[in-house]
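To start, the structure itself, in structure tokens.
Starting from 1, each residue takes its place in the sequence as its number. Heavy-atom basis, side chains included; hydrogens, waters and symmetry copies ignored.
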Amino acid sequence: MATTKHQWVTFQKGRVKVKACASCGDLHLPSNTDKPCENLGILDSQIVKAGYKLYSEPQAMAS
């Protein structure tokens, strides 16, 4: 399996927002910023099991 870099995105649960990898679900910490992603599957990750969902910034309406 080829190793890739983490794809950091924001997850949200209620008012709490955290950065985690979109591929494996690892939390973004200083110790794992540059480590390779294991691509274990986001649906089996602890962040999804804890109820966090992918967060998207609301975009302004164009006139």
Side-chain angles (χ1 to χ4, degrees):
M1 178 188 310
T3 58
T4 60
K5 288 188 171 188
H6 289 289
Q7 302 298 314
W8 302 118
V9 295
T10 303
F11 285 84
Q12 181 176 6
K13 180 179 177 183
R15 294 183 186 179
V16 178
K17 295 178 186 170
V18 295
K19 288 235 184 232
C21 179
S23 298
C24 67
D26 280 352
L27 287 176
H28 186 208
L29 302 170
S31 62
N32 69 351
T33 298
D34 296 325
K35 289 189 178 179
C37 177
E38 296 177 7
N39 294 320
L40 297 176
I42 189 70
L43 297 178
D44 294 329
S45 69
Q46 292 298 317
I47 195 148
V48 172
K49 288 180 181 178
Y52 283 84
K53 299 188 187 303
L54 192 60
Y55 174 75
S56 175
E57 287 278 337
Q59 297 194 1
M61 299 288 291
S63 336

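- When the side chains of ILVMFWY residues are joined at heavy-atom separations under 4.5 Å, either directly or via intervening members, L54 and W8 end up in two distinct hydrophobic clusters.
- Considering every non-hydrogen atom in both I47 and I42, the closest pair reads CG2-CD1, 4.4 Å.
- The minimum heavy-atom distance linking F11 with C21 is given by the pair CE1-O, 4.1 Å.
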Please assess H28 against T33 for the test side-chain hydrogen bond (donor to acceptor under 3.5 Å, both in side chains), listing each intermediate value before the final yes or no.
-> CA-CA 6 Å; H28 186 208; T33 298; 3.3 Å; yes
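- Here C24 contributes atom SG and D44 contributes atom CG; the two are 12.0 Å apart, rounded to the nearest 0.5 Å.
- For A50, the side chain to side chain contact (heavy atoms under 4.5 Å, CB included) test picks out Y52, with sequence neighbours left out.
- Considering every non-hydrogen atom in both T4 and N39, the closest pair reads OG1-ND2, 3.3 Å.
- Here the side chain of Q12 pairs a donor or acceptor atom with the backbone of G14 at under 3.5 angstrom.
- Residues G51 and K13 share a closest heavy-atom pair of O-CG, 4.0 Å.
- A continuous path of Ile, Leu, Val, Met, Phe, Trp and Tyr side chains, each step under 4.5 Å between heavy atoms, connects L27 with V9, placing both in one hydrophobic cluster.
- Minimum interatomic distance between N32 and H6 (heavy atoms only, all atoms of both residues): O-CD2, 3.6 Å.
- When the side chains of ILVMFWY residues are joined at heavy-atom separations under 4.5 Å, either directly or via intervening members, L43 and L40 end up in two distinct hydrophobic clusters.
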